[in-house]
Amino acid sequence: MHRQRDMDAARALAAAWTTDTALTDIPQSCRPRDIGEAWRVQRALDDLLGEPRGWKIAGTSPEGRRHIGAPSPVIGRLYASMIVVPGTAVPRNHTQRMRSAEAEFAFVLGADLPPSDKALDRAHVLGAVADLHPAIELPNSRYADFGDVELPSLVADAMCGGHLLLGARAESWSADELSRQQVVLSGPDGTEISRGSGIDVLGDPIDALIWLANELHCFGYMLRAGDLVTTGAATKPVIVTSPQGLRADFGPLGSVSSL
(Lines give C-alpha, C1' and ligand atoms only; values in the text may rest on other atoms or scores of the structure.)
Protein backbone atom coordinates (compact mmCIF):
# COMPACT_ATOMS: atom_id res chain seq x y z
CA MET A 1 0.00 0.00 0.00
CA HIS A 2 2.81 2.43 0.82
CA ARG A 3 4.20 1.97 -2.70
CA GLN A 4 1.11 3.66 -4.15
CA ARG A 5 1.33 6.49 -1.60
CA ASP A 6 5.00 7.02 -2.35
CA MET A 7 4.40 7.13 -6.12
CA ASP A 8 1.47 9.53 -5.74
CA ALA A 9 3.64 11.89 -3.70
CA ALA A 10 6.55 11.56 -6.13
CA ARG A 11 4.31 12.28 -9.12
CA ALA A 12 2.96 15.42 -7.46
CA LEU A 13 6.50 16.63 -6.83
CA ALA A 14 7.75 15.64 -10.28
CA ALA A 15 4.90 17.54 -11.91
CA ALA A 16 5.86 20.63 -9.90
CA TRP A 17 9.51 20.20 -10.95
CA THR A 18 8.75 19.84 -14.66
CA THR A 19 6.11 22.58 -14.90
CA ASP A 20 7.70 24.99 -12.37
CA THR A 21 4.45 25.03 -10.44
CA ALA A 22 4.47 25.73 -6.70
CA LEU A 23 2.75 23.35 -4.29
CA THR A 24 1.33 24.35 -0.94
CA ASP A 25 2.42 20.90 0.24
CA ILE A 26 2.25 17.27 -0.89
CA PRO A 27 -1.42 16.20 -0.90
CA GLN A 28 -2.50 15.03 2.55
CA SER A 29 -3.53 11.62 1.19
CA CYS A 30 0.08 10.76 0.33
CA ARG A 31 2.13 13.20 2.39
CA PRO A 32 5.09 11.52 4.16
CA ARG A 33 4.66 11.45 7.92
CA ASP A 34 8.28 10.86 8.90
CA ILE A 35 11.79 10.79 7.44
CA GLY A 36 11.53 7.10 6.54
CA GLU A 37 8.45 7.71 4.41
CA ALA A 38 10.05 10.83 2.95
CA TRP A 39 13.10 8.77 1.93
CA ARG A 40 10.86 6.35 0.03
CA VAL A 41 9.30 9.26 -1.87
CA GLN A 42 12.79 10.52 -2.74
CA ARG A 43 13.61 7.10 -4.22
CA ALA A 44 10.35 7.09 -6.17
CA LEU A 45 11.48 10.41 -7.66
CA ASP A 46 14.54 8.60 -9.05
CA ASP A 47 12.25 7.02 -11.64
CA LEU A 48 10.77 10.38 -12.65
CA LEU A 49 13.48 13.05 -12.66
CA GLY A 50 16.20 11.60 -14.83
CA GLU A 51 19.67 10.32 -14.15
CA PRO A 52 20.77 10.34 -10.49
CA ARG A 53 24.24 11.88 -10.18
CA GLY A 54 24.92 11.49 -6.48
CA TRP A 55 23.90 12.87 -3.11
CA LYS A 56 23.77 16.04 -1.05
CA ILE A 57 23.89 16.50 2.70
CA ALA A 58 21.83 19.26 4.27
CA GLY A 59 22.07 20.52 7.82
CA THR A 60 25.77 19.87 8.45
CA SER A 61 26.07 23.22 10.25
CA PRO A 62 23.89 24.67 13.02
CA GLU A 63 22.87 27.52 10.67
CA GLY A 64 21.95 25.04 7.94
CA ARG A 65 19.83 22.98 10.33
CA ARG A 66 18.01 26.08 11.52
CA HIS A 67 17.43 27.08 7.90
CA ILE A 68 15.50 23.87 7.16
CA GLY A 69 14.21 23.07 10.64
CA ALA A 70 16.18 19.83 10.97
CA PRO A 71 17.53 18.43 14.27
CA SER A 72 20.33 16.57 12.49
CA PRO A 73 21.83 16.23 8.98
CA VAL A 74 19.59 14.83 6.26
CA ILE A 75 20.21 13.36 2.81
CA GLY A 76 18.98 14.51 -0.58
CA ARG A 77 19.44 13.22 -4.11
CA LEU A 78 21.45 15.00 -6.81
CA TYR A 79 20.26 14.57 -10.39
CA ALA A 80 22.33 15.19 -13.50
CA SER A 81 20.02 18.04 -14.48
CA MET A 82 21.01 19.90 -11.29
CA ILE A 83 24.74 20.06 -12.03
CA VAL A 84 26.12 23.26 -13.55
CA VAL A 85 29.66 22.80 -14.85
CA PRO A 86 32.27 25.55 -15.29
CA GLY A 87 31.49 27.93 -18.15
CA THR A 88 27.79 27.06 -18.12
CA ALA A 89 25.11 29.51 -17.00
CA VAL A 90 22.65 28.63 -14.25
CA PRO A 91 19.44 27.53 -16.02
CA ARG A 92 16.64 30.06 -15.71
CA ASN A 93 13.73 27.71 -16.38
CA HIS A 94 12.88 27.29 -12.69
CA THR A 95 11.74 29.92 -10.21
CA GLN A 96 14.32 30.35 -7.45
CA ARG A 97 11.87 30.20 -4.54
CA MET A 98 14.46 29.78 -1.79
CA ARG A 99 16.80 32.48 -3.19
CA SER A 100 19.58 30.96 -1.15
CA ALA A 101 23.25 30.19 -1.79
CA GLU A 102 25.98 28.41 0.13
CA ALA A 103 29.54 27.34 -0.64
CA GLU A 104 30.27 23.63 -0.26
CA PHE A 105 33.03 21.04 -0.55
CA ALA A 106 32.10 18.39 -3.12
CA PHE A 107 33.72 15.00 -3.67
CA VAL A 108 33.68 12.52 -6.55
CA LEU A 109 34.01 8.85 -5.63
CA GLY A 110 36.46 6.68 -7.47
CA ALA A 111 35.38 3.38 -5.90
CA ASP A 112 32.29 1.81 -4.34
CA LEU A 113 31.79 1.90 -0.57
CA PRO A 114 29.64 -1.17 0.15
CA PRO A 115 28.46 -2.14 3.64
CA SER A 116 30.77 -4.17 5.83
CA ASP A 117 30.65 -5.78 9.25
CA LYS A 118 31.64 -2.51 10.90
CA ALA A 119 31.17 1.17 10.16
CA LEU A 120 33.32 2.66 7.42
CA ASP A 121 36.22 4.63 8.89
CA ARG A 122 38.19 7.63 7.65
CA ALA A 123 40.90 5.64 5.90
CA HIS A 124 38.37 3.47 4.07
CA VAL A 125 36.29 6.42 2.87
CA LEU A 126 39.28 8.57 1.88
CA GLY A 127 40.63 5.66 -0.12
CA ALA A 128 37.51 5.75 -2.28
CA VAL A 129 37.68 9.50 -3.04
CA ALA A 130 38.90 10.44 -6.52
CA ASP A 131 38.48 14.22 -6.61
CA LEU A 132 37.58 17.31 -4.60
CA HIS A 133 35.74 20.28 -6.14
CA PRO A 134 34.72 23.71 -4.85
CA ALA A 135 30.98 24.16 -5.29
CA ILE A 136 28.08 26.52 -4.72
CA GLU A 137 24.69 25.06 -3.95
CA LEU A 138 21.56 26.96 -4.95
CA PRO A 139 18.86 25.02 -3.07
CA ASN A 140 15.30 25.31 -4.27
CA SER A 141 11.83 24.13 -3.38
CA ARG A 142 8.69 22.97 -5.12
CA TYR A 143 6.68 24.58 -2.32
CA ALA A 144 5.37 28.12 -2.46
CA ASP A 145 6.84 28.66 1.02
CA PHE A 146 9.27 26.00 2.18
CA GLY A 147 9.01 27.37 5.72
CA ASP A 148 5.35 26.37 5.86
CA VAL A 149 5.90 22.63 5.36
CA GLU A 150 7.24 19.98 7.72
CA LEU A 151 10.68 18.43 7.37
CA PRO A 152 9.45 15.14 5.79
CA SER A 153 7.96 17.11 2.89
CA LEU A 154 11.28 18.90 2.40
CA VAL A 155 13.20 15.62 2.47
CA ALA A 156 10.80 14.07 -0.03
CA ASP A 157 11.51 16.96 -2.40
CA ALA A 158 15.14 15.83 -2.83
CA MET A 159 15.88 17.83 0.33
CA CYS A 160 15.40 21.22 -1.32
CA GLY A 161 17.18 20.13 -4.47
CA GLY A 162 18.13 22.97 -6.80
CA HIS A 163 21.34 23.55 -8.75
CA LEU A 164 24.92 22.74 -7.83
CA LEU A 165 27.65 24.87 -9.43
CA LEU A 166 30.67 22.61 -9.69
CA GLY A 167 34.11 24.17 -9.96
CA ALA A 168 37.17 22.58 -11.51
CA ARG A 169 38.69 19.79 -9.45
CA ALA A 170 41.35 20.84 -6.97
CA GLU A 171 44.79 20.05 -8.35
CA SER A 172 46.13 19.12 -4.95
CA TRP A 173 44.61 18.94 -1.48
CA SER A 174 45.21 17.46 1.93
CA ALA A 175 42.38 15.78 3.81
CA ASP A 176 43.98 16.85 7.08
CA GLU A 177 43.68 20.55 6.16
CA LEU A 178 40.07 20.74 4.93
CA SER A 179 38.61 21.55 8.33
CA ARG A 180 40.83 24.66 8.50
CA GLN A 181 40.26 25.81 4.94
CA GLN A 182 38.60 29.24 4.82
CA VAL A 183 35.81 29.76 2.30
CA VAL A 184 34.46 33.14 1.18
CA LEU A 185 31.24 33.63 -0.77
CA SER A 186 30.99 36.93 -2.68
CA GLY A 187 28.15 38.64 -4.50
CA PRO A 188 28.06 40.06 -8.06
CA ASP A 189 29.88 43.25 -7.02
CA GLY A 190 32.67 41.27 -5.36
CA THR A 191 31.53 42.11 -1.84
CA GLU A 192 31.82 39.32 0.72
CA ILE A 193 28.39 38.06 1.74
CA SER A 194 29.30 35.00 3.78
CA ARG A 195 32.39 33.35 5.22
CA GLY A 196 33.10 30.02 6.83
CA SER A 197 35.47 27.07 6.78
CA GLY A 198 35.56 23.31 6.62
CA ILE A 199 35.02 23.08 10.36
CA ASP A 200 31.46 24.31 9.79
CA VAL A 201 30.71 21.07 7.89
CA LEU A 202 30.16 18.62 10.77
CA GLY A 203 33.61 19.61 12.00
CA ASP A 204 35.30 18.40 8.79
CA PRO A 205 33.97 17.78 5.25
CA ILE A 206 35.56 14.33 5.38
CA ASP A 207 33.56 13.54 8.52
CA ALA A 208 30.41 14.58 6.65
CA LEU A 209 31.32 12.22 3.81
CA ILE A 210 31.95 9.40 6.27
CA TRP A 211 28.58 10.07 7.91
CA LEU A 212 26.81 9.89 4.55
CA ALA A 213 28.57 6.70 3.49
CA ASN A 214 27.42 4.94 6.66
CA GLU A 215 23.96 6.53 6.78
CA LEU A 216 23.17 5.35 3.24
CA HIS A 217 23.78 1.77 4.38
CA CYS A 218 20.97 2.20 6.91
CA PHE A 219 18.60 2.81 4.00
CA GLY A 220 19.91 -0.01 1.83
CA TYR A 221 22.02 2.18 -0.47
CA MET A 222 25.72 2.89 -0.81
CA LEU A 223 28.11 5.36 -2.38
CA ARG A 224 29.31 4.16 -5.77
CA ALA A 225 32.21 5.01 -8.05
CA GLY A 226 31.32 8.14 -10.00
CA ASP A 227 28.93 9.51 -7.39
CA LEU A 228 29.17 13.22 -6.68
CA VAL A 229 28.64 14.19 -3.04
CA THR A 230 28.26 17.74 -1.82
CA THR A 231 28.79 17.84 1.92
CA GLY A 232 26.77 20.81 3.16
CA ALA A 233 27.21 24.50 3.84
CA ALA A 234 30.74 25.68 4.57
CA THR A 235 29.38 29.25 4.58
CA LYS A 236 26.22 30.41 6.32
CA PRO A 237 23.27 30.16 3.89
CA VAL A 238 22.49 33.65 2.58
CA ILE A 239 19.58 35.08 0.65
CA VAL A 240 20.56 36.28 -2.84
CA THR A 241 18.51 38.29 -5.32
CA SER A 242 19.87 36.34 -8.29
CA PRO A 243 21.91 33.16 -8.79
CA GLN A 244 24.13 34.98 -11.28
CA GLY A 245 27.45 36.59 -10.38
CA LEU A 246 28.25 34.60 -7.24
CA ARG A 247 31.79 33.47 -6.45
CA ALA A 248 33.07 31.09 -3.80
CA ASP A 249 36.81 31.24 -3.07
CA PHE A 250 38.35 28.14 -1.48
CA GLY A 251 41.90 29.51 -1.42
CA PRO A 252 44.46 27.01 -2.80
CA LEU A 253 41.63 24.58 -3.66
CA GLY A 254 40.29 26.95 -6.31
CA SER A 255 37.08 28.87 -6.80
CA VAL A 256 33.71 28.57 -8.50
CA SER A 257 31.57 31.29 -10.05
CA SER A 258 28.05 31.49 -11.47
CA LEU A 259 27.25 32.99 -14.86
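Worth saying up front: this structure is predicted, and the values here are computed from it rather than measured.
We find that D200 and K236 are not joined by a salt bridge, their nearest charged nitrogen and carboxylate oxygen being 4.0 Å or further apart.
Listed by chain and number, the residues in a side-chain hydrogen bond (donor to acceptor under 3.5 Å, both in side chains) with T19 are T21 (sequence neighbours excluded). Scored by the side-chain contact (heavy atoms from CB on, under 4.5 Å) test, P62 finds R65, R66 as partners (sequence neighbours excluded). For the side-chain contact (heavy atoms from CB on, under 4.5 Å) test, residues two or more places apart in sequence or in another chain that qualify with V149 are D25, Y143, S153, L154. For the salt bridge (Lys or Arg N to Asp or Glu O under 4.0 Å) test, residues two or more places apart in sequence or in another chain that qualify with R40 are D6. Under the side-chain contact (heavy atoms from CB on, under 4.5 Å) criterion, S179 pairs with D204, not counting sequence neighbours. Remark: P252 pairs with Q181 by the side-chain contact (heavy atoms from CB on, under 4.5 Å) rule, at least two apart or across chains. Taking the side-chain hydrogen bond (donor to acceptor under 3.5 Å, both in side chains) definition, one finds that D131 meets it with nothing, sequence neighbours left out. By the side-chain hydrogen bond (donor to acceptor under 3.5 Å, both in side chains) test, S255 is found to be paired with R247, residues two or more places apart in sequence or in another chain being considered. Remark: D47 engages no residue in a side-chain hydrogen bond (donor to acceptor under 3.5 Å, both in side chains) (not counting sequence neighbours).
The line from OG1 of T18 to NE2 of H94 is 7.5 Å long, rounded to the nearest 0.5 Å. Rounding to the nearest 0.5 Å places CE of M98 at 8.0 Å from CD1 of I68. A distance of 11.0 Å separates CD1 in I136 from CG in L166, rounded to the nearest 0.5 Å. How far CG of L178 is from CH2 of W173: 6.0 Å, rounded to the nearest 0.5 Å. Here the CG atom belonging to L109 is positioned 6.0 Å from the CG atom belonging to D227, to the nearest 0.5 angstrom.
The salt bridge (charged side-chain N to carboxylate O under 4.0 Å, His left out) pairs that include a residue from residues 143-155 number zero, where partners must be two or more places apart or lie in different chains. Sorted by first then second residue, the salt bridge (charged side-chain N to carboxylate O under 4.0 Å, His left out) pairs that include residues 87-108, not counting sequence neighbours, are D20-R97. For residues 78-91, the pairs satisfying side-chain hydrogen bond (donor to acceptor under 3.5 Å, both in side chains) are D46-Y79, with sequence neighbours left out.
Checked against the 6.0 Å centroid criterion, the rings of H67 and F146 qualify as a close aromatic pair.
Under a 3.5 Å cut-off, the side chain of H133 and the backbone N or O of G167 do form a donor-acceptor pair.
Contact detail for A248 and A103: the closest heavy-atom pair is CB-CB, 3.8 Å. Heavy atoms only, all atoms of each residue included: N140 and D157 are closest at O-OD2, 4.5 Å. The nearest pair of heavy atoms linking A156 to I26 is CB-CD1, 4.0 Å.
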Run the ring-ring contact (aromatic ring centres under 6.0 Å, His included) test on Y221 and W39 for me, step by step, so that the C-alpha distance in whole Å, both residues' side-chain angles and the decisive distance to 0.1 Å come before the verdict.
CA-CA 11 Å; Y221 282 73; W39 173 264; 5.7 Å; yes
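Residue R224 places its CZ atom among 12 or fewer non-hydrogen atoms of other residues, nucleotides or ligands, all under 6.0 Å distant.
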